[in-house]
Amino acid sequence: MNRYPNCSTNHTQIWSHYLVLALGIPQLAINIASVIFNCRVIFTRIATKELHKPISVLFCNLAFSDLFTSFSGFWISMLFITNPDITIFGSKDMLAPYAFYTVSILSTIYNLVSIGTECYLAVAESMRTRFRVARNHSVAAVLINQVLAFFLGCLPLMGWNCLSMEKNLSVLYSPFCVDYLIFITIPNVVVAFLIPLFTYLRIIIILRKRKLRMKACGQATGTYKSAEIQVARTSIFIWLLALISYAPVFAGVIFGAINKQCHIDLYPGVYIFRNCTAMLITTNCLGNPIIYALKAKTVGAKLKALKCLFTAHARACTLENI
């Protein structure tokens, strides 16, 4: 059965050349900029020999994932510019780029969750928890992230696609099937939003508790207040960037699942929205190096200093109470 029984199967050229260029050129530019930024992060991490640190392993893998996303996005953008109609009606040529694009996006999401978890453990209540996060743990997390992302993202290449049938064909991401997109999108959106939200909220709560304990001991809390504000701002920025980047894709998948209109009836508005969501995802890949390579370095230095500060103040408070 066809999901769109009253739609014509005559796939004529419907894209305007000017509209294709207006959407395709910015996509290419953002992808190129993202490649440059993420290559800089990778080379910097390797050149400074920081890969012995657990968090640096995760940062470097995140940059590789974003780099892969940018290359895949560049591939899709070139196909869109050279033959835009296959991005509407679907083609075998779109299957591999979309699959690799999915792999890289899933890998980015899993890396963001791993980084949030590592940051939480870095400021956990027990100082011993921090030292249990070793480099081999980060390497294991990276391997698990990549294997899981590759397996889930390549399912369409293994046969879960709608190239030969239109019953479940996605109107936005042909030749992917609607049920595959729902299977991939819903659990990973939950992972991308809820787990980082929990970890960063816990970090802020832990810092606030420590500040109150120091205040109860009569110690100055100005440094902790400054760190709390810095961590809160960075955490909110990270979470909002993920929300802005991935929520539209989730909305597009849901729309595709309930849509009964023909492809031609959705042009141009819905397909402009689809291309804009791709640009938002690449913008996330462009923003990650700025947040995690620049802001996170400052926040990490503050948290490290605060750990020593809190230990010294806790000892002082203990001696006063004896």
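Nothing fancy with the numbering, it's 1 onward along the sequence.
In this structure, Gln146 and Asn61 approach most closely via the heavy-atom pair NE2-OD1, 2.8 Å. The shortest heavy-atom contact between Leu157 and Ala96 is CD2-CA, 4.0 Å. Nearest heavy-atom pair across Leu79 and Pro97 is CD1-CG, 3.6 Å. Contact record, Ser104 with Ser65: CB-O, 3.8 Å, taken as the closest heavy-atom pair.
Relative ring orientation between Trp160 and Phe183 is described as tilted, the plane-to-plane angle lying within the 30° to 60° band.
Heavy atoms of other residues, nucleotides or ligands lying less than 6.0 angstrom from CZ of Phe37 number 12 at most. Within a 6.0 Å sphere centred on CZ of Phe150, heavy atoms belonging to other residues, nucleotides or ligands number 12 at most. Taking a 6.0 Å sphere around CZ of Phe64, one finds it holds 12 or fewer heavy atoms contributed by other residues, nucleotides or ligands.
Side chains of Asp66 and Thr108: a donor on one and an acceptor on the other come within 3.5 Å. Using modelled atom types and a 3.5 Å distance limit, the side chains of Tyr110 and Asn188 yield a donor-acceptor pair. A donor atom on one side chain and an acceptor atom on the other are not found under 3.5 Å apart for Asn168 and Tyr180.
Note that CG of Asn31 and OG1 of Thr283 are 9.0 Å apart. Values are rounded to the nearest 0.5 Å. Rounding to the nearest 0.5 Å gives a distance of 8.5 Å between OH of Tyr200 and OG1 of Thr117. Interatomic distance, CG of Leu152 versus CD1 of Ile184, reported as 4.5 Å (0.5 Å rounding). Note that SG of Cys162 is 10.5 Å distant from CG of Leu95, once rounded to the nearest 0.5 Å.
A donor-acceptor pair under 3.5 Å is formed between the side chain of Asn111 and the backbone N or O of Ser107. Ser34 contributes no side-chain N or O that, together with a main-chain N or O of Ile30, makes up a donor-acceptor pair within less than 3.5 Å.
Under the 4.5 Å side-chain heavy-atom criterion for Ile, Leu, Val, Met, Phe, Trp and Tyr, Leu194 and Ile115 are members of distinct hydrophobic clusters. Linking ILVMFWY residues whenever their side-chain heavy atoms come closer than 4.5 Å, directly or via other members, leaves Phe273 and Ile258 in distinct clusters. There is no path of hydrophobic side-chain contacts, each under 4.5 Å, that joins Val190 to Leu243. Put simply, Val113 and Leu201 are part of the same group of oily side chains (I, L, V, M, F, W, Y) that touch within less than 4.5 Å, one to the next.
Grouping Ile, Leu, Val, Met, Phe, Trp and Tyr by side-chain contacts under 4.5 Å, direct or through others, puts Ile244 with Leu280.
Remark: Leu67 pairs with Val35, Asn38, Cys39, Ile42, Phe71 by the side chain to side chain contact (heavy atoms under 4.5 Å, CB included) rule, at least two apart or across chains.
Pairs of residues two or more places apart, or lying in two chains, that qualify as side chain to side chain donor-acceptor pair (under 3.5 Å) and include a residue from residues 271-280 are Gln27-Asn275, Thr87-Arg274.
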